[in-house]
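Notes for the one structure printed next.
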Amino acid sequence: MFKILSTTSLNICIASLCRVKNLKNAEAVLIDGIRVGILPDVVTYNTLIDGYCRLFGIDSGYSVLGRMMEAGIHPNVITYNTLLSCASRYRLLYQSLDIFDEMLQVGILPDVWSYNILMHCFFKVGKPDEAYRVFKDIFLRNIYPSPATFNIMFTGLCKNWYTDNALMLLRNLQRNGFRPELVTYNILIDGLCKSGKWRTVKGLLKEILDYGHIPNAITYTTVMKCCFKNKMFNEGLEIFSEMKAKGYTFDGFAYCTVAGALLRTGRIEEANQCMGNMFRSGIDLDMVCYNTLINLYCKEGKLEDAFGLLDEVEKMGLECDIYTHTILIDGLCKAGNIQGAQRHLKYLNKMGFGTNLVAFNSFIDGLCKLGQIEYAMQVFESMKVKDEFTYSSIVQGLCSAGRFHLAARLLLCCVRSGVRILRSDKKAVIRGLRFTGFGPQAKKVQSNIRLAKLLHY
DNA sequence: TTAGGGTTAG
């Protein structure tokens with residue numbers, strides 16, 4: 001057992017308990033310490049504030065701050081940054097701004113971390129312009145930026161689809177002597193991959209080497225996923241082999257990327273082999289690995305195994321997430337078990353996951369494929385948010401039911417709102433209208449779609 | 001105290 005001899009050892013002990021979310025014991029250690037004359041300091045309380053914030057949210061963090069003040073210990077910049085990062089984690093922008101103000105009011109000067117966290121928060125809530133203002137503010141106030149300042153900026157720009165701006169910023173900074181870290185390149189490569197800018201990615205991969213960086217497991221996984229996305233399957237699998245040879249498959253990331261791509265393209269047997277290799281490699285499996293395994297069982301039609309694994313995972317104390325449940329709902333729909341899927345959708349809601357577009361899309365698709373178009377339409381109309389998947393399933397469902405006019409209306413509505421459609425959906429509607437004797441209408445739909453597309457692009 | 005890769009639907 002760890003012996004508490006000083007405030008430092010008290011802090012180390014409390015920090016390790018907070019890390020494993022054991023706040024009860026952390027509090028007990030604090031009381032024991034005080035009893036034997038080892039008094040807590042600002043580090044002790046900052047650690048506790050972080051622990052409470054992570055487990056129970058910002059309000060409980062503030063109540064620890066109250067206790068801290070009662071104990072006569074003054075908060076410092078780290079105390080406020082901890083509260084700030086908690087607010088940012090929950091995307092509470094206005095609370096973040098309040099904390100920033102409060103910090104100034106109590107006479108604590110925000111440091112580069114405070115600005116970094118605030119900038120990150122603006123990006124998270126989809127306000128890149130405001131984030132950029134914070135970024136500029138750092139320089140205007142003569143605060144020395146940290147490497148994270150730039151990386152948060154690049155991540156935010158890429159995640160908000162401003163990859164061109166991110167690249168321009170990189171070039172500007174480089175002209176002023178900025179030397180990008182490997183992390184910076186990984187962020188940009190991921191953003192560019194997701195925007196389909198494969199040629200620029202290739203250029204950056206060369207540049208990494210010019211700077212003397214060695215691409216790591218993250219670089220490889222990012223590029224491998226990009227290959228799969230661009231239907232460059234063999235190239236992706238070659239990268240996977242290279243990763244194995246280099247010892248970069250020490251966790252589940254690469255295996256799950258490969259298995260996910262194989263499952264999406266119907267290569268079930270190969271996905272099975274890939275997951276088997278992951279198992280045999282003896283790496284620690286996390287929730288994403290289990291989700292991929294559950295997905296594999298569902299795709300193989302082994303629903304019992306999928307639910308059995310769900311039970312096992314829960315018994316192990318791992319927390320199932322929105323992916324787990326969506327995979328299961330899709331599995332149930334594909335197996336024709338609509339009632340089961342409906343039950344699971346309700347369960348999802350009960351568990352506080354909120355409405356999930358992907359799960360509802362799976363449900364609508366399941367209903368359409370089973371010919372329950374009336375029910376599918378009811379669900380469709382009740383959905384506030386719809387995307388290309390929702391429209392695609394319902395249009396195909398309506399076509400299968402011979403309701404081509406309604407399918408055409410929805411298809412047009414979809415294109416007019418800027419949502420892209422599959423060529424197969426358009427084909428099904430046009431062909432259906434023609435074959436049922438509505439040739440002129442089919443032509444009109446075709447030209448309307450063309451016009452809507454022109455107006456949008 | 002902040003930043004990078006993997007898992008869901010047509």
Side-chain angles (χ1 to χ4, degrees), chain A residues 46-47 49-50 53-54 76-86 88-89 111-121 123 146-156 158-159 181-191 193-194 215-226 228 243 248 251-261 263-264 278 286-296 298-299 321-331 333-334 356-366 368-369 387-397 421-422 424-425:
Chain A
N46 285 349
T47 311
I49 288 174
D50 187 50
C53 275
R54 281 177 194 275
N76 60 12
V77 67
I78 298 176
T79 318
Y80 278 96
N81 285 350
T82 308
L83 291 165
L84 204 54
S85 75
C86 176
S88 169
R89 203 175 301 129
D111 63 5
V112 67
W113 305 110
S114 325
Y115 283 95
N116 286 350
I117 300 164
L118 191 64
M119 188 169 76
H120 193 208
C121 189
F123 272 128
S146 66
T149 310
F150 298 106
N151 292 333
I152 292 168
M153 189 66 207
F154 287 122
T155 310
C158 289
K159 290 229 183 329
E181 299 179 312
L182 179 62
V183 178
T184 319
Y185 278 110
N186 286 345
I187 293 166
L188 285 161
I189 288 172
D190 184 50
C193 280
K194 284 178 179 144
N216 63 7
I218 296 179
T219 326
Y220 275 90
T221 318
T222 309
V223 177
M224 180 169 70
K225 192 174 179 198
C226 188
F228 291 136
M243 284 185 81
Y248 282 163
D251 59 20
F253 276 79
Y255 288 106
C256 292
T257 310
V258 175
L263 287 173
R264 266 191 298 278
M278 182 181 80
D286 63 8
M287 201 54 234
V288 177
C289 298
Y290 285 112
N291 283 344
T292 312
L293 268 170
I294 290 173
N295 192 20
L296 172 67
C298 286
K299 293 280 191 289
D321 57 17
I322 192 70
Y323 283 89
T324 327
H325 297 296
T326 310
I327 289 165
L328 288 166
I329 287 168
D330 186 61
C333 287
K334 295 267 192 306
N356 177 259
L357 182 58
V358 181
F360 271 93
N361 284 346
S362 285
F363 190 57
I364 286 199
D365 193 63
C368 288
K369 295 231 163 76
D387 66 1
E388 57 198 87
F389 288 87
T390 332
Y391 279 101
S392 180
S393 294
I394 205 80
V395 164
Q396 289 289 350
I421 50 161
L422 289 183
S424 54
D425 297 340

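A, B, ... follow the sequence lines: proteins, then strands. Residue 1 opens every chain.
- Judged by distance alone, the side chains of A:Asp50 and A:Thr47 never bring a donor and an acceptor atom under 3.5 Å apart.
- Between the P atom of B:dA9 and the CZ atom of A:Phe389 lies a distance of 8 Å, rounded to the nearest Å.
- If you take CE of A:Met224 and C1' of B:dT7, they are 13 Å apart, rounded to a whole angstrom.
- Between the side chain of A:Ser393 and the backbone N or O of A:Thr390, no donor-acceptor pair lies under 3.5 Å.
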task = Using a 4.0 Å heavy-atom cut-off, write out nucleotides 1-6 of chain B from 5' to 3' as B (base contacted by protein), S (sugar-phosphate only) or - (no contact).
result = BBBBBB

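- Regarding A:Leu263, its CG atom lies at a distance of 14 Å from the C1' atom of B:dA9, rounded to whole Å.
- Rounded to whole Å, atom P of B:dA9 lies 12 Å from atom CG of A:Asn291.
- A donor-acceptor contact under 3.5 angstrom links the side chains of A:Asn76 and A:Thr79, judged on distance only.
- As judged by a 4.0 angstrom heavy-atom cut-off over every strand, A:Leu422 is placed among the base-contacting residues.
- Side-chain atoms of A:Ser362 and A:Asp365 include no donor-acceptor pair closer than 3.5 Å.
- If you check every strand for non-hydrogen atoms under 4.0 Å, A:Asp387 touches a base.
- Remark: the A:Thr222 side chain and the A:Thr219 side chain contain no N/O donor-acceptor pair separated by less than 3.5 Å.
- Note on A:Asn295: every side-chain N or O is 4.0 Å or more away from OP1 and OP2 of B:dT7.
- Taking the 5.5 Å centre cut-off and the 30° plane limit, the aromatic side chain of A:Tyr323 is classed as stacked on B:dT7.
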ask   = Should A:Ile327 and A:Cys298 be marked as a side chain to side chain contact (heavy atoms under 4.5 Å, CB included) after you check the CA-CA gap, both sets of side-chain angles, and the distance that decides it?
value = CA-CA 8 Å; A:Ile327 289 165; A:Cys298 286; 4.2 Å; yes

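- Contact annotation for A:Ser362: backbone-only contact, meaning every heavy-atom pair under 4.0 Å involves sugar-phosphate atoms and none involves a base.
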